[in-house]
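Because only heavy atoms are used, hydrogens play no part in the values below, and waters and symmetry mates are left out as well, while side chains stay in. For reference, positions follow the sequence shown, starting with 1. First listed ligand is number 1; within each ligand, the first listed atom is number 1.
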Amino acid sequence: MAARWYVTTPTVLVAVLALLTGCGSGGGDGGPRSPGGTTSAVSPPPGGGDDTVEEDIEAAVRATDGYWSEHWTELFTGEYRSPRVSGAYDGAASDVPLCGEERLPDNNAVYCPAGDYVAWDMDLMRQGHRMGDAWVYLVISHEWGHAIQSRLHEELVSLAGELQADCLAGAALFGAARDGTLRIEEGDTRELAQALAALADETPWTDTADHGDASERIASFSQGAESGVRACLPDAVR
Ligand SMILES: [Zn+2]
């Protein structure tokens, strides 16, 4: 498992792996495995790795919101406000919820600025969850990252908004692990990297709408995971 990790993305992931072994919160005792045979992923401290997708979604929301709620005043002025959790939708249904005038996208997840809510197509969550439950944590913390961006002064929001959302996701999840509200186990970092790669663009970032290619997404997530929220802000304001 570790070998594969190193092979896929040498420099960045070594750093995160070092962080993981250093944080002391991971049990790594070969807990329950998912039907797919992958190692159990991110889970709340009392839980195992065989949580249902719904349980993982709930835990991901709790850990992410908890992180931002706990740390906001150390980082930014004003008070933290949680986005609304609109939650699951079916992007293929005729009555898909709207964000402003637009239907929420099929097989995707969103932060909707017009309604200040996060939502996800359950097909996306179920499919990803089969590869490992870290998927759910990544998607939710990434969309939450967009909610955070919408609360920040524009100077603090990176032009590479998608990569910044990945960075904020890493900062929140690994910050929650440091707080003890989330347990990150061996195998989770590999799953996170796989999820980031699966959701990446084919080509590197060039435009504000781009998500970045796999190595950029992994690098950005790792930056937040390793160095925290401030490392996700544009150079000029750090
Ligand atoms: Zn995004």
A.B. asks: May I ask you to check if any N/O/S atom from E143 comes under 2.8 Å of the Zn ion (ligand 1)?
C.D. replies: no

A.B. asks: Assess H146: does it contribute an N, O or S atom lying under 2.8 Å from the Zn ion (ligand 1)?
C.D. replies: yes

A.B. asks: With the Zn ion (ligand 1) at the center, what angle do OE1 from E162 and NE2 from H142 span, rounded to 10 degrees?
C.D. replies: 90°

A.B. asks: Decide if atom CD of E58 counts as having more than 12 heavy atoms of other residues, nucleotides or ligands within a radius under 6.0 Å.
C.D. replies: no

A.B. asks: Does R151 pair with D116 as a salt bridge, N-O distance under 4.0 Å?
C.D. replies: yes

A.B. asks: Any side-chain donor paired with an acceptor under 3.5 Å for S82 and D65?
C.D. replies: yes

A.B. asks: Is the closest side-chain heavy-atom distance between W120 and S86 below 4.5 Å?
C.D. replies: no

